[in-house]
Structure formats: structure tokens, C-alpha cells
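This report refers to the structure that appears directly beneath it.
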Protein chains: 2
Amino acid sequence: MDAISRIEQALTAAVDRAEFPGCPPRLIASVRYALFPKGARIRPRLCLAVAGACGDDHPEVSDAAAAALEFLHCASLIHDDLPCFDDAATRRGKPSVHRAFGEPLAVLAGDALIVLAFQTMAWAACKVPERLVGLVSAVGSAVGMPRGIVAGQAWECESGAVDLSAYHQSKTGALFAAATVSGAAAAGAVAEPWRSLGERLGEAYQIADDIRDVVADPQALGKDAGQDALLGRPSAVGELGLAGAIERFETLTEAAVASIPACPGAVDLRKLIVLESNRLLPKGLVHRAA
Amino acid sequence: MDAISRIEQALTAAVDRAEFPGCPPRLIASVRYALFPKGARIRPRLCLAVAGACGDDHPEVSDAAAAALEFLHCASLIHDDLPCFDDAATRRGKPSVHRAFGEPLAVLAGDALIVLAFQTMAWAACKVPERLVGLVSAVGSAVGMPRGIVAGQAWECESGAVDLSAYHQSKTGALFAAATVSGAAAAGAVAEPWRSLGERLGEAYQIADDIRDVVADPQALGKDAGQDALLGRPSAVGELGLAGAIERFETLTEAAVASIPACPGAVDLRKLIVLESNRLLPKGLVHRAA
């Protein structure tokens with residue numbers, strides 16, 4: 001089965017399991033609304049790619065880790081969109097969860113997805129429980145304190161000077177790092193050497209996002225372009241210029257590829273990452289911009 | 001060490017671990033504010049009591065489970081107090097988290113505490129990883145879908161008829177059940193037979209709360225009395241009358257004591273539960289009311 005089918009199946013199975021009789025219907029509806037139809041599933045695909053490169057001897061555990069990452073990513077989008085943060089009207093081309101279901105259910109759907117992430121990993125790990133410790137630690141640190149997504153978002157509530165690199169590392173890099181680390185952990189490999197790959201890809205992803213905000217046409221982008229400059233947001237393009245940002249993106253993806261630890265599937269994984277990087281920032285787009 | 005010292009130490013150690021350099025200071029301050037100074041710690045004490053009755057061969061795991069229950073309890077209080085739910089001005093005798101730190105940090109502190117609950121159990125279980133599967137499952141089902149605290153709160157967002165017993169079971173009973181089940185799981189005992197004890201104590205706790213709302217003097221209660229009737233909330237006293245509610249409380253605590261599975265510390269555990277029940281609903285209060 002290809003990665004995207006595995007991911008959709010794992011997400012669906014976990015939500016089906018949660019939708020046992022007795023679950024409030026609008027809660028489960030809001031959770032499904034946030035998860036489906038599918039987003040790019042970049043983090044879970046990265047997780048499965050690393051698990052595959054490490055042998056993937058317990059695919060049910062890798063699938064669970066991949067699903068957990070997507071649950072946490074969606075939870076953070078729901079809570080970030082709340083009126084007390086971005087008050088976003090739309091997300092993935094439709095009304096945000098709080099606009100569609102109200103603010104109380106948006107808070108609860110995010111909470112439920114955080115819990116579901118950990119439940120899903122526990123359900124899958126019963127045959128290899130020794131892997132669960134590493135998985136919960138890796139995924140937990142990507143989302144909690146001191147430097148996970150929640151901490152990243154909380155930097156927006158600090159009045160003093162904010163370390164922008166720590167902010168981006170927490171808000172974007174942490175879950176990418178968890179994707180590679182948990183992919184390796186799910187396959188029973190030594191996991192920490194995989195962190196660097198995830199961190200570099202996370203930073204590259206952030207930079208590609210900044211570049212697309214400047215050069216992409218809004219229709220292809222699926223949202224308004226030029227928002228970073230308009231809102232005075234920190235951006236790699238603002239900081240390094242367009243050419244500098246593109247160079248930084250290329251340096252990072254090369255460093256990412258070079259950082260892949262020795263493993264049975266290293267060759268294929270390298271190819272996949274080059275392919276995905278080109279998808280993230282198409283050469284055509286870069287040439288047009290340059 | 002006595003139970004309450006173990007609990008405070010476990011809570012403090014977990015939060016200290018999360019407060020690694022790089023954690024936003026106001027986030028960690030809001031988390032500490034929600035957790036300390038101590039509440040009654042009823043759920044973690046129940047967890048440790050059951051772990052003790054089952055031998056408590058890995059006290060670090062029991063402590064972690066106990067701390068996780070309190071983290072989740074506090075997370076649910078913070079989110080329930082938000083303006084989009086109860087908009088509570090005070091909690092545990094001081095301003096609620098969103099009044100003290102603002103709404104964004106209240107959302108994030110709740111999220112961070114949910115994650116910290118699972119991280120804490122993973123950190124502690126490295127020597128007995130096979131116990132982590134049961135712990136994450138037990139604790140996860142108490143807080144998530146279909147019938148945990150989050151689901152209980154979500155019943156308030158349903159427009160159709162709500163099953164009140166399912167609502168109370170989710171909002172209060174689920175975490176009590178998790179306290180007994182996770183206490184047994186932490187000590188390596190067969191855990192499911194302990195569920196009934198937790199469920200009965202959870203229901204008894206809810207009824208005692210309803211009774212105190214009617215008969216206690218407000219100062220001893222620490223909040224306004226008579227709120228259930230005033231707000232038209234469902235209440236055991238409203239449903240069964242005062243005498244009926246007291247009788248139901250006594251039947252439940254007796255059934256709870258009778259349900260304790262065979263274990264090394266059964267005799268002491270029975271005594272403790274009788275003692276705690278009397279503390280929950282003092283005989284003097286009951287006589288004065290009758």
C-alpha cells in the first residue's frame with residue numbers, strides 16, 4: 001500500500017475507534033471536519049518514509065505514529081485559528097472549525113485530537129511496548145513544553161524580546177523532528193540520530209513557505225499571497241532577500257539529505273527527499289522568481 | 001513518604017523538567033499557577049492508594065500516573081473556565097487562569113498539561129515499558145473520546161436530548177475510573193477489575209458535591225452554595241431529594257468498598273475509602289441536614 005493510503009486508513013481507523021456509541025455527535029463531526037478531506041500530510045509521510053528506510057518491521061506502529069503527528073498538527077491548527085489567536089475565518093479552503101462548529105467545540109476538538117494522538121500510539125504498540133516509551137517522548141516533546149508547538153505558540157504571549165529561531169523551531173521544526181525521530185523509533189531503530197534530518201527539513205519547509213508567499217500566484221497557493229510583508233511577519237525572504245532565501249532552502253535540503261543515518265533504505269530515502277523538496281519549491285517557480 | 005508528599009513531588013518534578021531553558025516564561029508560570037498551591041488531589045491520592053494495595057513495586061511509575069491524572073484534571077478546569085464555556089472568574093479561591101494570564105495562555109496551558117500528562121508517564125516507565133500501554137490507554141480514555149472528560153464537556157454543545165448519566169460519567173466518573181485502573185496498571189496488576197471501584201467513587205463524589213451545594217455553609221464550601229438550584233443544573237438532590245441523595249451516597253460507597261478486587265493491601269484500602277468517604281460527606285453535616 002502506498003504511504004498516503006496507509007495514512008488515510010490509519011487516521012480513519014483511529015477516529016472510527018473513538019466514535020464508539022456514547023461519543024457526542026458534534027464533537028466527532030468537528031474532529032472529522034478538521035482531519036478530512038486530506039491535507040498534504042507532509043509530516044506523516046516523512047514519518048513513514050523514515051520508518052520504511054529503517055525496515056518498518058511493525059507497520060501498524062509506524063502508521064500509528066504517522067497518524068499521531070497529523071492529529072497533533074490538526075489540533076494546533078484548530079487552536080491557532082481560535083478568536084483569541086489568529087481568528088482565522090478559513091482553513092484548507094473551508095470555514096475554520098470554530099466558524100463551522102462554534103468556539104467551545106473548537107477548543108474540545110483540539111483537546112480530543114491531542115489525546116487521540118497518544119491513544120493511537122498506545123493501541124498500536126501492544127506487541128512492541130518497549131517502543132512506546134520513545135514514541136510518546138518524541139511526539140510529546142514536539143508538541144508540549146519546553147520547545148514543542150504549544151510552547152512556540154506561547155511565545156506570541158510574551159511581552160519581552162522573542163528568540164525568532166526558537167519560535168520557528170518550536171512552531172514548525174519540532175513536529176518535523178518528531179516525524180523523523182518517531183519514524184525511526186516506530187521501526188525499532190536508534191532514533192535520536194534522525195533528529196537532524198527532521199529539523200533541517202522543518203526549516204526548509206518554513207523557508208519554502210516564506211518564498212511561496214512572495215512569488216506564487218495566489219490561486220496555486222490556495223490563500224492570499226504577500227501576507228508576510230503585509231502583516232509585518234518575520235520571513236526568510238524579508239531577512240535574506242529572495243535569492244538568499246532560495247539559496248538557504250537549497251543548502252538546507254542538501255544538508256538534510258547528507259544527514260541521513262546509515263540504514264537499509266538510505267538510497268531510496270535520499271531520492272524521495274530530493275523529489276519532495278522539488279515539489280515543495282518547484283524549480284519553475286524559482287526560475288520565474290529569479 | 002506519605003501520599004500527598006509523593007504527589008506534590010511528582011508534580012513539581014514533571015513541571016521542573018518541562019521548564020527547560022527555551023520554555024516561554026509566562027506559559028510555565030500559568031501552568032504552575034493552575035497546579036499550585038495544592039488542591040485536594042483526590043484523584044492522584046486514589047491512584048496511589050490502589051497502587052499501594054497492589055504492591056507498588058515501581059513507585060516512580062505510580063507517582064507518574066498520579067501526576068498525570070492531576071495534570072489532566074487541571075487542564076479540564078482551565079478549559080472549562082474559558083469565556084466560551086463557564087467564563088469562571090475564580091477557581092480554587094483565586095482568579096481563573098484566563099483572568100490571570102489571558103485567554104490565549106489559558107488555552108495553551110491546558111494543552112501543555114494534557115501533553116505533560118503523557119510525557120510524565122513515558123519518562124517514568126522506561127524500566128517497565130510494558131506497563132505504559134495500559135497506562136496511556138486508561139488515562140487517554142478518561143480524558144478523550146468517546147467517553148472521557150472532553151466528551152463529557154462536549155455534551156454541553158449538543159442541541160438534542162443529553163443522557164445525563166453519560167454526561168456525569170464522562171465529566172467526573174471517567175477520571176476516577178482512570179485513577180483506580182491506572183493505579184493497578186502502574187503496579188503491574190490486572191487493571192480492569194479496578195474500574196468498578198473508581199466508577200462508584202466518582203459517582204459518590206458527584207453526589208456528595210450536590211449534597212454539599214445544598215447543606216454546607218458557604219465558607220466551608222469555598223464557593224457560593226445553592227448554585228445548582230439557582231442555575232437549574234441537574235443535581236442528585238433535585239432528582240432524589242436530600243434524604244434520597246444521602247442514601248444513594250452511602251449505598252455507592254458501600255458498593256465501592258465491596259468491589260475492591262483481591263490484593264495484598266485490601267484491608268487497608270477498605271479502611272482508607274471509608275475514611276475518605278466520611279471526609280467527603282462528614283457525618284455531622286449529614287445529621288444537621290437530616
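To find a chain, count down the sequence lines: A is the first, B the second, and so on, and within it residues start at 1. Keep in mind that this is a model prediction, so the values were computed, not measured.
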Can you classify the ring geometry of A:H79 versus B:H79 as parallel (below 30°), tilted (30 to 60°) or perpendicular (above 60°)? perpendicular

Please state whether the side chain, the backbone, both or neither of B:S141 comes within less than 4.5 Å of a heavy atom of chain A. both

Under 4.5 Å from any heavy atom of chain A - which part of B:P21: backbone

Is A:L132 in contact with chain B via its backbone, its side chain, both, or neither, using a 4.5 Å heavy-atom distance? both

Against chain A, label B:L108 side chain, backbone, both or neither, depending on which of its atoms sit under 4.5 Å from a heavy atom there. both

Which residues satisfy the salt bridge (charged side-chain N to carboxylate O under 4.0 Å, His left out) test with B:E70, sequence neighbours excluded? B:R41, B:R92

With a 4.5 angstrom heavy-atom cut-off, which part of A:F85 approaches chain B: side chain, backbone, both or neither? side chain

Between A:A18, A:G144, A:S170, A:G102, who has the most heavy-atom pairs with chain B when the cutoff is under 4.5 Å? A:A18

Max heavy-atom pairs within cutoff under 4.5 Å with chain B, candidates A:F118, A:W123, A:F20, goes to A:F118

Using a cut-off of under 4.5 Å for heavy-atom pairs, which of B:A112, B:S137, B:P25 has the most such pairs with chain A? B:P25

A:P104 and B:C157: which non-hydrogen atoms are nearest, and at how many Å? CB-SG, 3.7 Å

Options A:R131, A:E130, A:E158, A:Q119, ranked by heavy-atom pairs under 4.5 Å with chain B, top entry: A:E158

Can you tell if the side chain of B:L27 reaches within under 4.5 Å of the side chain of A:W155, non-hydrogen atoms only? no

Measuring from B:R26:CZ to A:S159:OG, what's the distance to the nearest 0.5 Å? 6.5 Å

Interface moiety of A:L82 toward chain B, non-hydrogen atoms closer than 4.5 Å: side chain

Pick from A:V107, A:D111, A:V136, A:L105 with the largest number of heavy-atom pairs that fall under 4.5 Å of chain B: A:D111

Heavy-atom pairs under 4.5 Å with chain A, option from B:I149, B:L135, B:V133 with the top count: B:V133

Give the member of A:P129, A:A122, A:P24, A:G140 that has the highest number of heavy-atom pairs under 4.5 Å with chain B. A:P24

Sort B:V31 into side chain, backbone, both or neither according to what part of it lies under 4.5 angstrom from a heavy atom of chain A. side chain

